[in-house]
Enquirer: 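Mind looking over this structure? Questions follow.
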Amino acid sequence: MSSIIDRPAATRGGVLGWLQVQLPKIVLAPTCVITIVFVYGFILWTTYLSFSRSRMFPNLGWAGTKPHENLWANPVWYKALENLAILGTLYIGIATVLGLFLATLLDQRIRQEGFIRTIYLYPMALSFIVTGTVWKWMLNPGLGIEKLMHDFGWTGFQFDWIVNSDMAIYTVVMAGVWQSSGFVMAMFLAGLRAVDDEIIKAASIDGASLPRIYVRIIFPMMRPIFLSSFVVLGHLAIKSFDLVIALTGGGPGFATELPATFMYKQTFTRNNIAVGSASAVMMLVTVAAIMVPYLYSELRAQKGVQR
Amino acid sequence: MASLEVENVVKRFGPVEALKGINLSADDGEFLVLVGPSGCGKSTLLNMIAGLDSITEGRIIIDGQVVNDVHPKDRDMAMVFQSYALYPNMTVERNISFGMEMRKVPKPERDKAVMEVAKLLQIEGLLKRRPGQLSGGQRQRVAMGRALVRNPKIFLFDEPLSNLDAKLRVEMRTEIKKLHQRLGTTIVYVTHDQIEAMTLATRIAVMQNGELHQFGAPQEIYDRPANTFVAGFMGSPPMNLIPARIGKNGAGVNAEIATADERTLRLQLNGQAASLENRVNSEVLVGLRPEAITDPESRDAGAIIQEVECLVEVTEPTGPDMLAVLRLGGIEAVSRMRSSSRVRPGERAKFAVNMSKAVLFDPETEQRI
């Protein structure tokens, strides 16, 4: 009698019943194993290599902290860090401000909003390689904007940042901002749309002008979106590799070298796997420094909701 | 403190006419309630009074001055919203003082005003908190505080109680009424709850589909609804609208109502005999409030009472009294009796009908006769 109210999975014996219980675990197992081996396993492997005597091939011989010392004695690494600082600050800053600005304008219930929104969002659909290549052509003094201006008759026009070793890093910023600000805009637009209309009405009855309403009330309400866009853009900046490779190849000289391109070159073209690994570990630490507090605050917020 | 006039106000959204020529007025210190089902245009009208929506046609006049093109911030009004619309990034204190800050009131003065309002609304302990940390009732108080602190000419309330639970709603309703008695400021209040309208208002405007059906004092609207919509919307349970035929006999004009057991009830309509002469033998709707059909023991003294016998279909005890459902003229009519009444479903019982409270409607035009 008791079996009638039991769940079928529990009563049906044999292979089928066992399968019903175990199926979710079986399906999830491969992805789980793959993630553990290829993400966490290789993090450990790379970390070990950064303390080894590896050169062209992995070498398990222990070298202590020698590769790390070599890394921090390399002027190119310092240049890469400096570039990362410039890129990170300007890329995150400009993309956020521009994205917020565009979203604010789009939020004014304009005509053809869907169409315009798509235009701004499309760059995100391109890979960084395509973005880099297109911008390389546009910025090339002999092909792009400078030539166009010369052809129009403005022969004094000069725009050669991409071949100028002091300015080349800013071209990376330009291409990156072009690619990402539309995405940031979409995030902010979603946030702005979630703002209760009545708050804006209340503020305008309170006597605040529209710019003031935005600055004093609505932008502060966007705090979580500022945080998310910082995290998204931040990790894009730290791991940016393809954009630089396509746009400048790290040049002229090593003027636009970034940690990621430095790591690649040390590991695969300079036969210096140990130093490459050391730089990779440094990048991991940097990303973790951004992600861990973010995840911590997110998880804590979720807990708050559940409670 | 101010008077308010709304003259022939029309609002169109493209081809849709949301308000079809509304005329209202409120004297200084009045509590005007706009009531109607959702989508009737009452909130639109309130937004137009506040200056948040443009006026397609007509005029809005405050203290004798046309304010059609005056910016909301210069109209000297304060508004309490349904969602409270508190600024989530500011503390309660900043929320309340934001309007003064925008008007460049010096800080010491602001602080003093905030403290006064906080004391009035008993939210002194909440001043340093953010809206997210408050309960619904507390937010409601803060929203009222934000309006009160400005000491405006007119208060506007947009369904301020509809997000509160039933008990708190009754409490806050009393609070708002007390506040109005104390401050004496003109209030325009939007609600879909007819009980709120009845209890708070000095004048009620009943709206539906962008039209104003009736504008008058609560008791007048309750006793003499202008049409069947107002009769059905105001009051709970609503007014019984019983189909009847006007007849004439030796005693004068009467309303003939068919009962469930195929008899005819004759209710004498002597009070309105003259105006009904030309309607003899035509159909009407007799409007009777549930409390106008009672058990004979609890009939009103001094009213024109007529006793009838009727079959009770269902009884619904509510606690303070008992509702008995009768079938009159083919509809279910509700009567309100004392809770100790001994009527039983399926039995015949005597009822006292208060004919001085009866109103008649034309079934075609749905207007009161």
Side-chain angles (χ1 to χ4, degrees), chain A residues 96-97 99-101 103-104 107-114 187-230 297-307, chain B residues 43-44 46-53 70-91 94-105 110 130-133 139 142-147 149-150 152-160 162-163 190:
Chain A
T96 305
V97 170
L100 181 57
F101 179 69
T104 307
D107 192 36
Q108 309 305 311
R109 313 270 161 199
I110 53 168
R111 260 182 298 166
Q112 292 297 319
E113 184 205 306
M187 286 206 292
F188 275 114
L189 192 58
L192 291 175
R193 283 290 145 81
V195 172
D196 185 356
D197 261 359
E198 292 196 336
I199 289 185
I200 299 174
K201 286 182 186 173
S204 77
I205 289 182
D206 261 347
S209 59
L210 198 61
R212 276 199 135 168
I213 295 176
Y214 271 99
V215 172
R216 289 289 306 276
I217 296 163
I218 298 179
F219 291 164
M221 285 172 75
M222 298 293 111
R223 219 182 80 102
I225 296 170
F226 276 107
L227 199 66
S228 320
S229 86
F230 176 77
S297 75
E298 284 287 292
L299 290 177
R300 210 178 47 172
Q302 272 176 19
K303 246 187 212 160
V305 168
Q306 279 162 6
R307 185 188 55 198
Chain B
S43 286
T44 309
L46 192 75
N47 280 340
M48 285 159 82
I49 294 172
L52 298 167
D53 260 334
V70 177
H71 191 269
K73 70 172 194 283
D74 301 320
R75 293 194 185 191
D76 199 11
M77 295 180 174
M79 189 155 168
V80 177
F81 294 89
Q82 182 176 6
S83 66
Y84 316 135
L86 300 177
Y87 313 130
N89 54 309
M90 297 184 195
T91 59
R94 295 292 297 278
N95 260 287
I96 296 176
S97 65
F98 184 74
M100 287 189 288
E101 202 185 323
M102 290 295 114
R103 287 178 166 72
K104 305 203 167 52
V105 177
R110 281 193 330 237
R130 280 171 202 277
Q133 300 164 302
R139 282 183 215 186
V142 176
M144 301 226 311
R146 190 170 64 181
V149 79
R150 296 245 320 274
K153 277 189 194 165
I154 299 181
F155 283 116
L156 308 175
F157 287 85
D158 188 2
E159 308 216 12
S162 53
N163 285 353
V190 163

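Side chains included, hydrogens not; waters and symmetry mates left out as well; all remaining heavy atoms used. None of these values were measured; they are calculated from a predicted model. Order of the sequence lines fixes the chain letters, A, B, ..., with proteins taken first and strands second; residue numbering starts at 1 for each chain.
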Enquirer: Answer with side chain, backbone, both or neither: which region of B:Asn47 has an atom nearer than 4.5 Å to a non-hydrogen atom of chain A?
Expert: side chain
Enquirer: Taking the six-membered ring for Trp, are A:Phe226 and A:Phe188 closer than 6.0 Å centroid to centroid?
Expert: yes
Enquirer: Measure the shortest side-chain to side-chain distance between B:Asn163 and B:Tyr84 over non-hydrogen atoms and say whether it is less than 4.5 angstrom.
Expert: yes
Enquirer: Does atom CZ of A:Arg223 have more than 12 heavy-atom neighbours, drawn from other residues, nucleotides or ligands, at distances under 6.0 Å?
Expert: no
Enquirer: Measuring heavy-atom distances to chain A, does B:Met100 have an atom under 4.5 Å in its side chain, in its backbone, in both, or in neither?
Expert: neither
Enquirer: Among A:Ile200, A:Ile217, A:Asp197, which residue forms the greatest number of heavy-atom pairs with chain B at distances under 4.5 Å?
Expert: A:Ile217
Enquirer: What part of B:Leu86 gets closer than 4.5 Å to chain A, counting heavy atoms only: side chain, backbone, both or neither?
Expert: backbone
Enquirer: Give the C-alpha distance, both sets of side-chain angles, the deciding distance and a yes or no for side chain to side chain donor-acceptor pair (under 3.5 Å) between A:Asp206 and B:Tyr87.
Expert: CA-CA 12 Å; A:Asp206 261 347; B:Tyr87 313 130; 2.8 Å; yes
Enquirer: Side chain, backbone, both or neither: which part of B:Ala78 has an atom under 4.5 Å from a heavy atom of chain A?
Expert: backbone
Enquirer: Does any backbone or side-chain atom of B:Asp158 lie under 4.5 Å from a heavy atom of chain A? Answer side chain, backbone, both or neither.
Expert: side chain
Enquirer: Quick check on the interface: out of B:Ala147, B:Ala85, B:Pro88, who has the most heavy-atom pairs with chain A under 4.5 Å?
Expert: B:Ala85
Enquirer: Just so I know, are the side chains of A:Met221 and A:Ile199 near enough to count as touching, which here means a heavy-atom distance under 4.5 Å?
Expert: yes
Enquirer: So B:Asn89 and B:Arg94, side chain to side chain contact (heavy atoms under 4.5 Å, CB included) or not? Walk me through it.
Expert: CA-CA 9 Å; B:Asn89 54 309; B:Arg94 295 292 297 278; over 6 Å; no
Enquirer: I need the residue from B:Met90, B:His71, B:Arg150 with the largest number of non-hydrogen atom pairs under 4.5 Å to chain A.
Expert: B:Arg150
Enquirer: Does any backbone or side-chain atom of B:Gln82 lie under 4.5 Å from a heavy atom of chain A? Answer side chain, backbone, both or neither.
Expert: both
Enquirer: Could you tell me which portion of A:Arg212 (side chain, backbone, both or neither) has an atom closer than 4.5 angstrom to a non-hydrogen atom of chain B?
Expert: side chain
Enquirer: Is a donor on one side and an acceptor on the other found under 3.5 Å between the side chain of B:Gln133 and the backbone of B:Arg130?
Expert: yes
